[in-house]
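See below for the structure under consideration.
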Amino acid sequence: MYRLYQFQSSGNCYKIRLLLTQLQLPFECHEIDILNGESRTEAFLNINPNGRIPVLELAPGDYLSESNAILAYLAEDTPFNVSDRRSRAAVWQWLFFEQYSHEPYIATSRFWRAILKDSDTYREALQQKQAPGYAALGVLDQALKQSDFLVENRYSIADIALFAYTHLADEGGFDLAPFPHVLAWIERVKAQPNYISILEEVGCPTV
């Protein structure tokens, strides 16, 4: 059985729980309290020297980190990935976009505002993240104007990767109202079989 080392509120961890649940694969969670330094302990650093969650234990002692790498691993040879070489490259394009042009602005803003609950300390930094965050949402909205999903017009890990933090963008101070195609896509993702919300622990008993 897979074991997911995670922080429940993390969108990067949610990606993995969502895909595992939609694949109907059994797994268990081990909660890492990143707010109290548990990802920096010697024990955790032996699992992931980079000191970050999520980490998926594939087999005893075999650990895989980086959320989008985990998505790609789990989606291999499943309907959540694509078989065509060009389409696979398009999936990776969105995975890289999510980590470099989307997550640093939208996810970080959410972390400061909704998890640390410290908008005052980060006020200037939050303001600086507004423009690039909105730019990323604009790119996503434009793509979703053309099709229901991001690659091959079907639900894939590209959608899961972008959905995780996009649907929580308001918690980071971003207004999604100007992005109607993103809003419609969010509802399509939520309508997928075996969908779970970020707060649900279905299939994921904490150990």
Side-chain angles (χ1 to χ4, degrees), residues 1-78 80-81 92 95-122 125-126 129 157-158 160-169 171-172 194-207:
M1 179 185 293
Y2 292 121
R3 171 177 280 197
L4 177 63
Y5 293 82
Q6 63 139 29
F7 181 67
Q8 180 74 24
S9 298
S10 163
N12 283 328
C13 296
Y14 170 55
K15 297 174 189 177
I16 312 307
R17 295 198 309 276
L18 178 57
L19 180 57
L20 284 166
T21 301
Q22 292 186 311
L23 286 169
Q24 297 185 284
L25 294 173
F27 67 102
E28 63 182 20
C29 293
H30 186 88
E31 194 73 7
I32 302 296
D33 187 351
I34 61 174
L35 301 182
N36 284 314
E38 289 185 4
S39 62
R40 299 294 171 175
T41 63
E42 182 179 355
F44 186 79
L45 291 172
N46 285 333
I47 291 170
N48 181 12
N50 197 29
R52 296 179 181 271
I53 43 91
V55 176
L56 187 66
E57 188 170 10
L58 309 176
D62 185 5
Y63 303 103
L64 181 63
S65 60
E66 300 298 335
S67 61
N68 289 347
I70 298 171
L71 289 183
Y73 174 85
L74 292 172
E76 188 79 12
D77 298 323
T78 78
F80 294 86
N81 209 341
W92 279 103
L95 297 184
F96 287 126
F97 170 83
E98 189 268 340
Q99 285 290 284
Y100 289 102
S101 298
H102 182 282
E103 194 264 3
Y105 308 108
I106 294 172
T108 302
S109 295
R110 172 181 176 261
F111 182 74
W112 290 339
R113 284 171 53 102
I115 297 178
L116 293 184
K117 301 185 186 301
D118 193 1
S119 297
D120 290 337
T121 298
Y122 297 99
L126 283 165
K129 290 185 180 294
I157 57 172
I160 292 175
L162 269 300
F163 174 80
Y165 283 113
T166 299
H167 85 292
L168 301 170
E171 296 183 8
N194 299 311
Y195 170 82
I196 58 169
S197 76
I198 193 170
L199 298 177
E200 288 182 71
E201 296 183 1
V202 176
C204 190
T206 301
V207 297

State, with a plain yes or no, whether a side-chain heavy atom of [X] is found less than 4.5 Å away from one of [Y].
{"X": "D33", "Y": "F7", "value": "yes"}
{"X": "Y122", "Y": "L116", "value": "yes"}
{"X": "V55", "Y": "I32", "value": "no"}
{"X": "I70", "Y": "K15", "value": "no"}

- Message: Could you walk me through whether I160 and Q22 satisfy the side chain to side chain contact (heavy atoms under 4.5 Å, CB included) test, starting with their C-alpha distance in whole Å, then the side-chain angles of each, then the deciding distance to 0.1 Å, before giving a yes or no?
- Response: CA-CA 11 Å; I160 292 175; Q22 292 186 311; 3.8 Å; yes

Looking at [Y], is its backbone amide N or carbonyl O close enough to the side chain of [X] to form a donor-acceptor pair, meaning the two atoms are under 3.5 Å apart?
{"X": "Y165", "Y": "N12", "value": "yes"}
{"X": "K129", "Y": "P104", "value": "yes"}
{"X": "R17", "Y": "I198", "value": "yes"}
{"X": "N48", "Y": "S65", "value": "no"}
{"X": "E31", "Y": "Q8", "value": "yes"}
{"X": "S109", "Y": "I106", "value": "no"}

Between [X] and [Y], which heavy-atom pair has the shortest distance, and what is it?
{"X": "G51", "Y": "F44", "answer": "C-CE2, 3.8 Å"}
{"X": "G11", "Y": "R110", "answer": "N-NH1, 4.1 Å"}
{"X": "W112", "Y": "A125", "answer": "CZ3-CB, 3.4 Å"}
{"X": "R113", "Y": "S119", "answer": "CG-OG, 3.4 Å"}

Approximate separation, where rounding is to 0.5 Å, of [X] [atom1] and [Y] [atom2]:
{"X": "E103", "Y": "E98", "atom1": "CD", "atom2": "CD", "result": "6.0 Å"}
{"X": "L20", "Y": "N194", "atom1": "CG", "atom2": "CG", "result": "12.0 Å"}
{"X": "E57", "Y": "D62", "atom1": "CD", "atom2": "CG", "result": "8.0 Å"}
{"X": "N68", "Y": "L162", "atom1": "CG", "atom2": "CG", "result": "8.5 Å"}
{"X": "Y2", "Y": "I16", "atom1": "OH", "atom2": "CD1", "result": "11.5 Å"}
{"X": "I115", "Y": "I34", "atom1": "CD1", "atom2": "CD1", "result": "6.5 Å"}

Look at the aromatic rings of [X] and [Y] and report parallel, tilted or perpendicular, splitting at 30° and 60°.
{"X": "F96", "Y": "W92", "value": "tilted"}
{"X": "Y195", "Y": "Y14", "value": "perpendicular"}
{"X": "H102", "Y": "F97", "value": "tilted"}

- Item | Partner set under salt bridge (charged side-chain N to carboxylate O under 4.0 Å, His left out) for D77, not counting sequence neighbours | none

- Query: If you draw a 6.0 Å radius around CD in E66, do more than 12 non-hydrogen atoms from other residues or ligands fall strictly inside?
  - Reply: no

- Checking side chain to side chain contact (heavy atoms under 4.5 Å, CB included) against L71, which of N81, L18, L19 comes through? L19

- Task: Applying side chain to side chain contact (heavy atoms under 4.5 Å, CB included) between T78 and each of L23, I157, L25, report the one that passes.
- Result: L23

- Output all residues satisfying side-chain hydrogen bond (donor to acceptor under 3.5 Å, both in side chains) with Y105, sequence neighbours left out; order by chain, then residue number.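 Checked Y105 against side-chain hydrogen bond (donor to acceptor under 3.5 Å, both in side chains); zero matches.
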
